[in-house]
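Below is one structure, written out as C-alpha cells; the observations come after it.
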4 protein chains.
Amino acid sequence: MKKKQNIIETATKLFASQGFDGTTTLQIAREAGVTEPLIYYHFEGKDDLFTHIIEHGFKVYLERLDSLKLETAYQFEKIEKLVEVHFNFVREMPDEIYLFFSTCPAKLKDKSHVCSKKLQQQRRWLDAYLTSCIEKGVKTGEFYPIPIKETVSLLFALISGIVRQRGLHLNTLKGMRITTIEFCRRSLVK
Amino acid sequence: MKKKQNIIETATKLFASQGFDGTTTLQIAREAGVTEPLIYYHFEGKDDLFTHIIEHGFKVYLERLDSLKLETAYQFEKIEKLVEVHFNFVREMPDEIYLFFSTCPAKLKDKSHVCSKKLQQQRRWLDAYLTSCIEKGVKTGEFYPIPIKETVSLLFALISGIVRQRGLHLNTLKGMRITTIEFCRRSLVK
Amino acid sequence: MKKKQNIIETATKLFASQGFDGTTTLQIAREAGVTEPLIYYHFEGKDDLFTHIIEHGFKVYLERLDSLKLETAYQFEKIEKLVEVHFNFVREMPDEIYLFFSTCPAKLKDKSHVCSKKLQQQRRWLDAYLTSCIEKGVKTGEFYPIPIKETVSLLFALISGIVRQRGLHLNTLKGMRITTIEFCRRSLVK
Amino acid sequence: MKKKQNIIETATKLFASQGFDGTTTLQIAREAGVTEPLIYYHFEGKDDLFTHIIEHGFKVYLERLDSLKLETAYQFEKIEKLVEVHFNFVREMPDEIYLFFSTCPAKLKDKSHVCSKKLQQQRRWLDAYLTSCIEKGVKTGEFYPIPIKETVSLLFALISGIVRQRGLHLNTLKGMRITTIEFCRRSLVK
DNA sequence: GATGAATGAGTGTTCATTCAT
DNA sequence: TATGAATGAACACTCATTCAT
C-alpha cells in the first residue's frame with residue numbers, strides 16, 4: 001500500500017512540473033520505484049490517476065475553503081482569510097494547487113472531464129465567495145464603490161497568478177503574504 | 001509562402017489551446033492544410049517551430065514594451081501604460097501572450113532552451129521596469145512606502161493572472177482594464 | 001470445489017464464444033466469481049485449463065461414440081446413430097462440441113499439443129467408423145457404389161458444418177435431425 | 001505500393017491460420033518484410049486491416065455468386081453451380097473464404113462490425129438462392145417433397161463444412177467436387 | 001482454498017522525423 | 001516547394017503468471 005502512495009506522490013510532482021502530456025507512465029513508475037503495470041493495478045489508467053490526484057487535492061482544498069464561511073465583522077477580513085488560505089495551501093501542497101490553477105488547458109476542452117468539472121466548481125465557489133464579500137463591503141461603505149464583477153475577476157486573477165508563481169518556484173519572497181493583503185486592503189477599504 | 005504562415009498560425013493556436021506536448025505535428029499539418037514534411041522544410045522540427053513562434057511573438061511584445069521607456073511625470077503612469085500594453089496585446093495576439101505566460105513548464109526545465117531564455121528575459125525586463133518605477137515612486141512620495149520586491153512580484157502575478165484568464169477566455173468583462181488600473185492606483189498612489 | 005466447477009464452466013462458455021486467444025484469465029475469473037490466482041491453484045495455466053476442458057468433453061464424447069460400436073443389420077443405421085449422437089451432444093454440451101469442431105486453428109499448429117492430438121484422435125475415430133460403414137454398405141449392395149474416402153470426408157464435413165451452425169446458434173430448426181438423416185439416406189441407400 | 005500488398009497478403013494468411021486474436025501486428029510486419037508503423041500508415045489499425053481483407057474478398061466472392069443468377073432448365077443445375085463456385089473459390093482464395101466461414105466468433109458478437117454485416121449478407125444471399133431453388137424444385141416435381149428451410153440450412157452447413165476442411169488443408173481429395181454434387185443430386189432429384 | 005499485490009514480456013498504436021522523388 | 005512512403009523510438013496499456021500471506 002505504500003507503493004500506491006508512492007505512485008500518487010510521484011505522479012503529482014511530475015504532472016505539476018512537466019504537465020500531463022509531458023509525463024509518461026514509465027517515468028512515474030521508475031521514479032516511484034515500481035513497475036508500470038502496478039499503476040494499472042491501482043488505477044484504471046493515466047487519466048484515472050490524474051483524476052484521482054485532482055479529486056483528492058480538491059477535497060482538501062474545498063474543506064479549507066468551507067472553513068472560511070464564518071461570520072466576520074468586516075468583509076475585508078474574509079478576503080484576507082481567503083488569501084491566507086491560498087498561501088497556506090500552496091506552501092503545504094504546492095503541486096496540487098498548481099495543478100488546479102495551471103493544468104494544461106487541453107484537459108479543460110472536454111467539459112465533461114472530471115477535472116474540468118472540479119475546476120469549474122472551484123471557480124464558482126471563489127466567485128460566489130468574493131461576490132458576496134464585495135457586494136456587502138460596497139453596500140456597507142466598508143469598501144470603495146467599485147464594480148463588483150470586475151473586482152471579483154481581478155482578485156481571482158491575482159490569487160491564481162500568485163499561486164502559479166509559487167508553484168513554479170519563481171517567487172519565494174517571505175513578505176508576499178502581508179504585501180498582498182495590504183495591497184488589496186488599500187485598494188478596497190476606504 | 002502562405003502555407004508557411006498557415007503552419008505558424010495553426011501551430012500557435014494549437015500550442016496555446018492544447019499545450020506543446022498535447023499537439024502533434026500531424027494535427028498542425030492537417031489543420032494548416034499542408035503535409036507534415038512541409039513543416040520540416042520550413043522548420044528544423046517541432047521544437048524549432050515552437051521557438052520561432054515564441055521568438056516572433058516576443059519580438060513584437062518587446063517592441064511594445066520598449067515603447068514604454070519614455071519619461072513621464074508620474075511613475076504610476078508607467079504602470080498604467082504597462083497594464084494597457086498587456087490588455088492590448090492579449091486582445092490582438094491572445095495565443096502568443098498566453099504562451100509566454102502559461103507554457104507548460106516542462107519546457108522551462110531546460111534552462112538553455114531558447115524559450116526558457118526568452119521567458120527569463122521577459123521576466124527580467126518587467127522586473128527592471130517595475131522595480132525602477134516603484135523605487136522612484138516610493139522615493140518621491142508618489143507611492144505609499146511599500147516593499148519594492150514584493151510589490152513587483154505581486155504586479156507581475158496580477159498581470160500574468162489576467163493574461164491567463166483572457167487567454168483561456170474565462171474573463172471577457174469590458175471593464176477589466178479600467179478596474180485593474182484603478183485597483184492598482186488606489187493601492188500604490190497616496 | 002464448486003468454484004473449480006465454476007471456472008471450468010465459465011471458461012468453456014467463453015472459449016467457445018470468443019476463442020482461446022480472445023478470452024483472458026481475468027475475464028474467466030470475474031465471470032466465474034473468483035480471483036485469478038485461484039485458476040492457477042486449480043490448473044497449471046490457461047493452456048492447461050483449455051486442455052482440461054477439451055479432454056473432459058472429449059472423454060464424454062468418446063464414450064458416446066463407443067456406444068455406437070454395436071452390430072446392426074444395416075450400415076445406414078450406424079450412420080443414422082452417428083448423426084443422432086452429434087445432435088444429442090450439441091444439444092447437451094454445445095460449447096464443448098463446438099470447441100472440438102471449430103477451435104481457432106492456431107492451437108492445431110502445434111501437432112504435439114494435447115488438444116491437437118485429441119482432435120486428431122476424433123478425426124481418426126470418425127474416419128475409421130465411417131470408412132468401415134460405407135465400405136461394408138457398398139460391398140453388400142446396401143449403398144450405391146460410391147467413392148469411399150470422398151464420402152467419408154463429405155459426411156464429416158456435413159456433421160461438422162451442422163455442429164458449427166448450432167454452436168453459433170445460427171440454426172435452431174426442429175426438423176434438422178430428421179431432415180439430415182433422410183438427406184443422407186436418399187444419397188446412400190439404394 | 002508493393003509493400004501494402006505484402007501486408008494484405010501476409011495478414012490474410014496469418015489471420016486464416018492463427019485467427020485474428022492470435023496474430024500480432026508485429027508478426028504481420030515481420031513476415032511482410034516491413035515495419036509495424038507502415039501497417040498504420042496504410043490502415044487505421046489491426047481491425048481496419050482485417051475489415052479490408054474481408055470486404056475485398058467478399059466483393060470478389062459476391063461477384064461470383066451474382067454470376068449464378070442465370071436461368072436454368074433444372075433447379076439442381078443451380079445447386080451444382082453453387083457448389084462449384086465454392087470449390088473454385090476455395091482453390092483460388094483459400095484463406096479469404098476460410099475467413100468468411102470460420103472467423104473466430106468473437107467478431108460476430110458485435111453485430112454492427114463490418115465483418116458481422118458482411119457475413120450476414122453472405123448468409124442471406126445463400127439463403128435466398130437456395131430457398132428459391134428448392135421451392136421451385138419441389139413444386140415442379142424435380143425434387144423430392146422435402147422441407148425447404150431445413151434443406152437450405154443443411155446445404156449451407158455442408159458447403160461451409162467443406163470449405164472449412166479445405167481451408168484447414170484437411171481434405172485434399174480430388175474427387176470431392178463430383179462426389180459432393182452426386183451426393184446432393186441423389187438426395188434431391190427424383 | 002483463496003487472495004491482494006506485483007511483474008516481465010508483450011500488444012496495438014502514435015510520434016517526430018527522414019528520404020526519395 | 002511539396003509530398004507519399006517509410007521508420008526508430010517510444011507510448012499507454014494488457015496479459016498470463018507468481019508470490020507472500
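Numbers restart at 1 for each chain; the letters A, B, ... are given by sequence-line order, proteins then strands.
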* Structure fact -> Among the nucleotides E/dA2, F/dT17, F/dC11, whichever has the atom closest to the side chain of A/L26 is F/dC11
* Considering only atom C1', compute the distance from F/dT21 to E/dG1 and round it to an integer number of Å. => 13 Å
* Asked: In residues 5-12 of chain C, which residues come under 4.0 Å of DNA chain F by heavy atom?
  -> none
* Asked: Between F/dG8, F/dG4, E/dG12, which nucleotide has the shortest distance from any of its atoms to the side chain of D/P37?
  -> F/dG8
* Taking only N and O in the side chain of D/T25, is any of them less than 4.0 Å away from OP1 or OP2 of E/dG12? -> yes
* Phosphate oxygens OP1/OP2 of E/dG4: is one of them under 4.0 Å from a side-chain N or O of A/K3? -> no
* Please state whether the phosphate of F/dT17, meaning OP1 or OP2, lies under 4.0 angstrom from any side-chain nitrogen or oxygen of C/Y40. => yes
* Return the nearest nucleotide to the side chain of B/H42; candidates are F/dC13, E/dT3, F/dT1. => F/dT1
* Can you tell me if C/D48 uses its side chain to pair, donor with acceptor, with the backbone of C/F43 under 3.5 Å? -> no
* Asked: Between E/dG1, E/dT11, F/dA16, which one does the side chain of C/Y41 approach most closely?
  -> E/dG1
* Closest to side chain of C/E36, choosing from F/dA16, E/dA16, E/dG12 -> F/dA16
* To do: Specify the residue among D/G33 and A/G45 whose closest nucleotide of DNA chain F lies further upstream toward the 5′ end.
  => D/G33
* What is the distance, rounded to the nearest whole Å, between atom CZ of B/F20 and atom C1' of E/dC15? -> 12 Å
* Structure fact -> B/E44 atom CD is separated from E/dT18 atom C1', nearest whole Å, by 14 Å
* How long is the line joining CD1 of A/I28 and C1' of E/dT7, in whole Å? -> 18 Å
* Asked: In whole angstrom, what separates B/K4's NZ from F/dT3's P?
  -> 16 Å
* Structure fact -> Closest heavy-atom pair, B/L49 versus B/A11, reported as atoms and distance to 0.1 Å, is CD2-CB, 3.7 Å
* Please state whether the rings of D/H52 and D/H56 are parallel, tilted or perpendicular, taking 30° and 60° as the class boundaries. => parallel
* Asked: To the nearest angstrom, how far is C/I39 atom CD1 from E/dG4 atom P?
  -> 14 Å
* Asked: Will you find, in the side chains of B/E31 and B/T10, an N or O donor that is under 3.5 Å from an N or O acceptor?
  -> no
* Between D/T23 and D/L14, is there a donor-acceptor pair closer than 3.5 Å when you use the side chain of the first and the backbone of the second? -> yes
* Atom-to-atom span, CG of A/L14 to P of F/dC11 - whole angstrom -> 13 Å
* Under the 3.5 angstrom rule, does the side chain of C/K46 hit a backbone N or O of C/I39 as a donor-acceptor pair? -> no
* Structure fact -> Of D/T35 and A/K46, the one whose nearest nucleotide on DNA chain F sits closer to the 5' end is D/T35
* To do: Provide, to the nearest angstrom, the distance between the CZ atom belonging to C/F43 and the C1' atom belonging to F/dT18.
  => 18 Å
* Ring geometry between A/Y61 and A/F100 (parallel below 30°, tilted from 30 to 60°, perpendicular above 60°) -> tilted
* To do: Identify which nucleotide among F/dA6, F/dC11, E/dA6 has an atom closest to any side-chain atom of D/L38, counting heavy atoms from C-beta outward.
  => F/dA6
* Aromatic ring pairing A/F50/A/F15, orientation class (parallel under 30°, perpendicular over 60°, tilted between) -> perpendicular
* Who pairs with F/dT7 - Watson-Crick or G-U, where each distance is under 3.5 Å -> E/dA16
* Tell me which nucleotide among E/dT3, E/dT7, F/dT3 gets nearest to the side chain of A/V34. => E/dT7
* Structure fact -> Re E/dA9: Watson-Crick or G-U wobble partner, both distances kept under 3.5 Å, found to be F/dT14
